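Read the structure below first, then the notes.
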Number of protein chains: 2
Amino acid sequence: MMVYTFDAQVLKCEYAVRGEIVTLAQKLQQDLKDNPGSHPFDEILYCNIGNPQALAQQPITFFREVLALCDHPSILDKSETQGLFSADAIERAFQILDQIPGRATGAYSHSQGIKGLRDTIASGIEARDGFPADPNDLFLTDGASPAVHMMMQLLIRSENDGILCPIPQYPLYSASIALHGGTLVPYYLDEQTGWGLEISELENQLKIAKSKGIDVRALVVINPGNPTGQVLGEANQREIVEFCKREGLVLLADEVYQENVYVPDKKFYSFKKITRSMGYGEKDISLVSFQSVSKGFYGECGKRGGYMEITGFSPEVREQIYKLASVNLCSNISGQILASLIMSSPKVGDESYESFSAEKEAILSSLARRAKTLEDALNSLEGVTCNRAEGAMYLFPCINLPDKAIKAAEAAKTAPDAFYAKHLLNATGIVVVPGSGFRQVPGTWHFRCTILPQEEKIPAIVTHLTEFHKKFMDVFRG
Amino acid sequence: MMVYTFDAQVLKCEYAVRGEIVTLAQKLQQDLKDNPGSHPFDEILYCNIGNPQALAQQPITFFREVLALCDHPSILDKSETQGLFSADAIERAFQILDQIPGRATGAYSHSQGIKGLRDTIASGIEARDGFPADPNDLFLTDGASPAVHMMMQLLIRSENDGILCPIPQYPLYSASIALHGGTLVPYYLDEQTGWGLEISELENQLKIAKSKGIDVRALVVINPGNPTGQVLGEANQREIVEFCKREGLVLLADEVYQENVYVPDKKFYSFKKITRSMGYGEKDISLVSFQSVSKGFYGECGKRGGYMEITGFSPEVREQIYKLASVNLCSNISGQILASLIMSSPKVGDESYESFSAEKEAILSSLARRAKTLEDALNSLEGVTCNRAEGAMYLFPCINLPDKAIKAAEAAKTAPDAFYAKHLLNATGIVVVPGSGFRQVPGTWHFRCTILPQEEKIPAIVTHLTEFHKKFMDVFRG
């Protein structure tokens with residue numbers, strides 16, 4: 001077998017959400033299958049990734065009805081179809097097919113996505129924000145990740161180009177910046193103030209980066225936060241917009257959790273709405289908003305649908321983005337259809353409205369309860385503090401690990417939080433991602449735990465986690 | 001509006017299949033809609049891209065039945081479903097759902113794709129080649145393009161790394177090499193011998209590249225050829241394998257047109273089968289085979305499904321490929337399901353077998369007839385010679401343009417073949433891609449024309465093309 005050396009940027013890239021702990025979990029799962037009873041637990045509980053349907057969340061019926069009908073349109077006219085599908089799903093499928101040139105759901109589309117579907121999404125954005133949206137500003141993508149890569153590919157010219165990213169951050173950002181050869185310029189969220197985003201910290205980090213010769217080109221904001229779960233306040237969002245405008249930075253707004261807000265005192269506002277309500281338009285700020293079908297209450301991760309809305313870019317820049325989109329021809333059409341559906345769900349009076357609303361409400365209210373239960377459980381553990389999950393799908397508790405545990409981790413050549421996560425997995429089957437995979441204030445240790453396990457499993461998870469933590473601390477308290 | 005400079009690799013990248021001529025075609029199409037009769041033709045005939053369903057090719061019924069059932073599994077048990085779907089489609093949907101953990105078609109899958117679907121694809125490869133295939137060697141991707149990007153990203157470390165590519169080539173390769181900062185090392189296919197691939201040419205170009213300090217890492221072979229339509233002979237394939245083995249090059253085999261062979265004297269052999277039949281295994285050669293659901297007789301471009309089979313790589317390399325796949329989480333599940341279906345279509349005895357076979361045969365035989373008719377028509381034109389389309393979906397005729405046309409093109413600051421293609425479009429509505437978008441022997445001019453327009457439209461296309469060409473030559477013959 002030949003031996004190769006490979007691209008340094010690829011070697012540098014890391015992606016903890018599917019890293020070492022997950023590989024171990026898959027091994028344990030195989031063990032349990034081959035030798036039931038071989039571990040002190042019966043199943044692996046994947047709390048590592050925002051993948052709701054993998055944990056038995058059911059898809060939204062209306063969305064799947066429309067997708068099935070668009071996949072096999074020849075049944076639309078048959079009488080049996082009336083008995084199997086809701087009337088508004090049939091009507092919507094007809095509408096969507098009429099929006100697709102030649103009704104060809106198997107054809108490559110326009111590189112930005114099917115124009116009619118972009119019209120629908122633009123209307124949905126307008127309804128959400130109360131400001132106009134232009135379908136020509138939308139690029140439909142296979143989930144949000146390729147959209148982020150496209151922007152990084154365009155913005156980063158060399159390692160002297162920097163992108164301001166929150167720490168902790170979703171590792172897609174560090175991975176994409178590494179792959180495209182740029183420099184991640186960190187700004188730290190303040191854990192003491194509920195993962196607050198301080199403008200003074202942005203200014204400070206920008207200054208440090210500049211002093212190192214880094215040309216900072218963009219600011220990434222994840223709202224609601226991943227892995228941190230906070231929802232930004234409106235006033236804070238205005239400050240962020242002013243900062244980007246003042247410093248000439250592209251604002252990359254990761255808004256994929258826009259439907260996931262669980263606390264009554266917080267509300268999601270898109271950065272598009274914020275900038276427009278401040279009176280800023282195309283000429284004032286370059287803004288990219290990322291959205292995905294993978295999150296929200298629908299959690300259609302496997303469909304790989306999403307879009308980015310780009311505003312405030314020159315025609316020359318848009319042409320480059322269009323070219324990048326064209327090289328991969330188009331995103332998958334089912335994902336495109338689903339992206340249009342999440343932005344135009346059934347309305348009052350539609351046959352599916354009540355069942356759709358009930359499905360949505362059941363999922364979101366259950367997620368809110370699960371978030372609260374897990375947050376309380378974590379805060380009751382010795383040496384653990386956990387901010388509330390105001391939104392998104394995650395808790396990111398801080399663990400004050402005893403010195404003895406830190407030394408044991410060092411001896412095992414692993415990060416202390418990875419050491420903790422590995423012990424947790426081996427003892428309970430619970431899979432979390434060590435904070436070091438998201439970066440954190442040096443010397444602090446965290447893990448990310450999703451709020452997604454089925455609600456009936458949450459009490460057992462709390463019990464197992466609590467028992468494990470007590471034993472772990474008893475061993476390592478020193 | 002802010003002005004930016006952007007990544008040089010992005011600026012360098014070109015993708016003619018969706019370039020200037022297509023933009024003009026879209027404009028003309030809008031004109032025709034707004035002002036019918038404003039051009040000397042009634043419709044735009046897109047012969048620029050291998051997108052069969054955009055030109056009214058119907059999807060394969062069995063494939064769409066299974067996709068619809070997997071999208072909305074709750075109808076599987078209902079009695080009406082029996083009347084709407086074939087029995088084997090229902091059975092297959094149950095089988096596929098059983099292969100998906102938790103039957104969750106809306107969940108992110110394993111980064112390489114759902115294991116059960118990879119098992120099915122591996123069996124299909126074994127049946128095709130007569131040699132074993134390992135599901136762990138398969139990476140399911142959103143069409144073949146992302147797979148090609150992944151390999152380029154991994155192989156290219158700097159501009160001193162070269163990838164041997166056929167000229168003419170499918171512009172995905174030049175675009176991907178440019179985006180990843182490498183050097184395209186051209187080898188010319190011999191138009192005189194039906195786009196023959198000569199080993200002496202490979203050796204010569206490799207030598208030239210080495211003398212320039214280029215570290216050539218891989219050889220791209222497109223078989224059947226795009227844009228050139230030739231099918232490699234078995235003996236030639238063996239020589240190519242020996243060349244790669246001797247020179248230590250990764251063989252990147254683009255085999256997405258493996259089902260598209262139209263002449264009785266040629267047959268598709270995968271490079272996997274060729275290497276294994278030569279007695280070469282994992283230790284002897286690094287081979288990547290790309291496959292897609294977009295081509296074949298199914299032409300499911302919009303579904304964005306495909307896979308690559310990688311053999312002969314060390315565990316360290318596979319780990320890097322896995323990491324790259326993980327950063328985007330997984331390819332879309334409908335595309336994954338479809339990739340499994342194209343490699344395991346209905347068998348004798350299945351309810352759908354006869355209708356499936358009839359659909360397949362009707363499409364492939366019609367494509368063969370269309371290829372021959374267009375080839376003959378092109379060869380009858382003054383100054384045009386055209387090799388036969390043995391496979392794939394394209395003809396790539398050579399046009400011997402008069403000096404006066406070349407001078408007029410120079411005056412218009414456009415390549416002579418783009419000049420010809422633009423005149424053709426403006427006169428007839430027929431969209432082809434200039435040869436310069438694929439590269440060609442300097443001083444020769446070509447265009448790529450798909451064989452995909454509906455069969456009943458072919459006579460009119462031949463008439464319009466013939467009339468246009470005669471007039472064009474009359475004007476420019478000088």
Side-chain angles (χ1 to χ4, degrees), chain A residues 1-4 6-8 10 13 15 18 49 51 53-54 56 59 64-65 67-68 71-72 75 78 80-81 83-84 102 104-109 111 142 145-146 153-154 156-157 172 175 248 282-283 286 299-304 312 314 317 320 323-324 326-329 332-335, chain B residues 1-4 6-8 10 13 15 18 49 51 53-54 56 59 64-65 67-68 71-72 75 78 80-81 83-84 102 104-109 111 142 145-146 153-154 156-157 172 175 248 282-283 286 299-304 312 314 317 320 323-324 326-329 332-335:
Chain A
M1 204 169 302
M2 286 174 266
V3 177
Y4 301 103
F6 285 95
D7 183 59
V10 172
C13 153
Y15 192 71
R18 294 210 160 174
I49 187 165
N51 193 8
Q53 295 191 31
R64 292 305 191 95
E65 286 183 321
L67 286 182
D71 266 344
H72 192 40
I75 63 171
K78 301 214 173 144
E80 294 97 328
T81 303
L84 279 177
T105 54
Y108 293 128
S109 72
S111 302
D142 292 313
S145 304
Q153 191 159 36
L154 191 69
I156 296 169
R157 297 159 302 183
L172 168 65
E282 282 287 323
K283 289 185 171 30
S286 300
E300 290 279 14
C301 303
K303 294 295 176 188
R304 312 311 290 123
S314 69
V317 175
Q320 296 303 322
K323 192 174 68 180
L324 283 177
S326 296
V327 174
N328 283 334
L329 297 161
N332 83 85
I333 305 298
S334 297
Chain B
M1 201 171 299
M2 287 174 269
V3 176
Y4 302 103
F6 285 95
D7 183 59
V10 172
C13 151
Y15 191 70
R18 293 210 160 175
I49 188 167
N51 193 10
Q53 294 192 31
R64 292 305 191 97
E65 286 184 319
L67 286 182
D71 266 344
H72 192 40
I75 63 171
K78 302 213 174 145
E80 294 97 328
T81 304
L84 280 177
T105 55
Y108 293 128
S109 73
S111 302
D142 291 314
S145 304
Q153 191 158 39
L154 191 69
I156 296 169
R157 297 159 302 183
L172 167 66
E282 282 288 323
K283 290 186 170 31
S286 300
E300 290 279 15
C301 303
K303 295 295 174 189
R304 312 310 289 125
S314 69
V317 175
Q320 296 302 322
K323 191 174 67 178
L324 283 177
S326 295
V327 173
N328 283 334
L329 297 159
N332 84 86
I333 305 298
S334 297

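Model, not experiment: these values are computed from the prediction.
Annotation: the span from A:Asp71 atom CG to A:Arg64 atom CZ amounts to 10.5 Å, rounded to 0.5 Å. Taken to the nearest 0.5 Å, the OG atom of A:Ser334 stands 12.5 Å off from the CZ atom of B:Arg304. A distance of 12.0 Å separates CG in B:Leu84 from NZ in B:Lys78, rounded to the nearest 0.5 Å.
Looking at B:Ala54, both its backbone and its side chain come within 4.5 Å of chain A, counting heavy atoms on both sides. Within the 4.5 angstrom heavy-atom criterion, atoms from both the backbone and the side chain of B:Thr105 approach chain A. Contacts between B:Lys303 and chain A at a heavy-atom distance below 4.5 Å involve backbone atoms as well as side-chain atoms.
Ranking B:Pro59, B:Gly335, B:Gly102, B:Ser326 against chain A, the residue ahead of the rest is B:Ser326, based on heavy-atom pairs under 4.5 Å. Interface remark: of the candidates A:Ser109, A:Ala175, A:Pro146, A:Ser109 forms the most heavy-atom pairs closer than 4.5 Å to chain B. Your options are B:Ala107, B:Ala56, B:Ala68, and the one with the most heavy-atom pairs under 4.5 Å with chain A is B:Ala107. For the options A:Asn328, A:Leu67, A:Ile75, heavy-atom pairs under 4.5 Å to chain B are most numerous at A:Asn328.
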Requested in this report: Go through the steps for B:Ile49 and A:Leu329 under the test side-chain contact (heavy atoms from CB on, under 4.5 Å), then give the verdict.
Outcome: CA-CA 10 Å; B:Ile49 188 167; A:Leu329 297 161; 3.9 Å; yes
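A donor-acceptor pair under 3.5 Å is absent between the side-chain atoms of A:Asn332 and the main chain of A:Asp142, judged by distance alone.
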